[in-house]
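Some notes on the structure that comes next.
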Amino acid sequence: MNNICIITARGGSKRIPRKNIKNFCGKPILAYSIEAALESKIFNEVMVSTDDAEIAEIAVKYGAKVPFMRSLKNSDDYATTADVLEEVVNEYKKCNKTFKYMCCIYPTAPFVTAEKLGKSFAMLQSSGADAIIPVVRYSFPPQRCFIIENKKLLYKWPEYMKTRSQDLTPYYHDAGQYYFIKMSVFERCITLVPDNTIPFPLDEMEVQDVDNLTDWQLAELKYQLSIDKNK
C-alpha cells in the first residue's frame with residue numbers, strides 16, 4: 001500500500017466563518033473526513049493541507065498529519081484544489097516520498113465513509129481507469145431549464161419541451177466529496193478529472209454542498225436522517 005489522502009482545509013471562509021472546523025452534529029466537520037480516511041485503512045499517509053494553526057491542531061487531534069503548512073499563494077480564494085495538491089505532492093517529493101494513488105477529500109464532506117472510500121478504490125483498481133469520483137444525478141432534467149430574458153420566462157432548449165423525462169439523457173454532477181486518482185496521471189495532467197475517469201454514483205440524500213448556512217442545516221438534517229435510517 002502506497003497511497004496518500006490529502007484533506008484540503010484552509011482557514012479562510014467568508015460565507016460560513018471557520019467552516020472547516022465548525023461543529024457538525026457533535027464534532028468539527030473536518031473530523032468526519034479524517035476519520036473516514038483512517039478507518040478505510042487504504043492510506044499509509046492521511047494529511048491535512050492548511051494555512052491555519054487551529055485547523056492544524058484539530059487535524060492532529062483526530063489523527064491526521066500536518067507535516068507542513070500551506071503556502072500563502074495557495075491559501076486565497078483563487079487557488080484551485082489542483083494547485084493545493086500539486087504543492088503537497090512537491091513537498092513530499094522533497095522528502096523523497098512518492099505515492100501510487102492519491103485521494104483528495106474535502107473537509108466539509110461528512111457523508112464520506114470508510115466503506116465508500118474502500119469501494120471506490122476497489123473499483124478504480126479493477127477498472128483500469130485513471131480516476132474515480134462520486135457523482136449524483138440531477139433531480140430535474142437540465143434540458144428543461146428556463147432562462148429569463150426581458151422579464152419573460154423562456155425555455156433554454158425548447159426542442160425538449162415535449163420530450164418525456166424518461167427519454168432525456170440523464171446528467172450527473174460532481175458530488176463534491178472526494179477524488180481518487182493515480183499519482184502518475186495527476187502529475188502529468190494536474191487535474192482531478194482526467195479523460196479516463198469513472199463514476200461512483202451516490203444517492204441525493206448522501207450529497208450536500210455546504211456553501212452557506214442553509215446548506216449547512218440541510219446537511220445536518222440529511223446526516224441525522226441517515227443515522228436514524230441505519231439504527
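- Hydrophobic clustering keeps Val193 apart from Ile198 (ILVMFWY residues linked when any side-chain heavy atoms are closer than 4.5 Å, directly or through intermediates).
- Hydrophobic cluster membership of Phe24, counting Ile, Leu, Val, Met, Phe, Trp and Tyr whose side-chain heavy atoms lie under 4.5 Å apart directly or via other members: Ile16, Ile29, Tyr32, Phe111, Val210, Leu213, Trp216, Tyr223, Ile227.
- The only member of Ile105, Val207, Thr108 that meets side-chain contact (heavy atoms from CB on, under 4.5 Å) when paired with Gln177 is Val207.
- The six-membered or imidazole ring of Tyr101 lies away from that of Phe180, with a centre-to-centre distance of 6.0 Å or more.
- Side-chain contact check for Thr197 versus Asp130: every heavy-atom pair is 4.5 Å or farther apart.
- Using a 4.5 Å heavy-atom cutoff, the side chains of Cys104 and Thr81 are in contact.
- Inter-residue side-chain proximity for Asn2 and Asn44 is flagged as met; some heavy-atom pair is nearer than 4.5 Å.
- A salt bridge links Lys27 and Glu35; the closest N-O separation between the charged side-chain nitrogens and carboxylate oxygens is under 4.0 Å.
- The closest side-chain heavy-atom distance from Lys116 to Glu206 is below 4.5 Å.
- Leu117 and Ile4 end up in different hydrophobic clusters when Ile, Leu, Val, Met, Phe, Trp and Tyr side chains are linked at under 4.5 Å.
- Residues satisfying the side chain to side chain contact (heavy atoms under 4.5 Å, CB included) test with Asp174, not counting sequence neighbours, are Ile133, Tyr179.
- Grouping Ile, Leu, Val, Met, Phe, Trp and Tyr by side-chain contacts under 4.5 Å, direct or through others, puts Tyr160 with Trp157, Leu168.
- A salt bridge links Arg18 to Glu54: one of the charged nitrogens lies within less than 4.0 Å of a carboxylate oxygen.
- Under 4.0 Å is where a charged nitrogen must lie from a carboxylate oxygen, and between Lys152 and Glu149 no such pair does.
- Here the side chains of Phe43 and Leu38 are not in contact, with every heavy-atom distance at 4.5 Å or above.
- Note on Val46: it clusters hydrophobically with Ile21, by side-chain heavy-atom contacts below 4.5 Å among ILVMFWY residues.
- The shortest distance between side-chain heavy atoms of Val135 and His173 does not fall below 4.5 Å.
- Annotation for Tyr106 and Gly176: closest pair CD1-O, 3.4 Å, computed over non-hydrogen atoms.
- For the pair Asp77 and Lys14, the salt-bridge criterion is met [side-chain N within less than 4.0 Å of a carboxylate O].
- The side-chain heavy atoms of Asn90 and Tyr92, taken from C-beta on, include no pair separated by under 4.5 Å.
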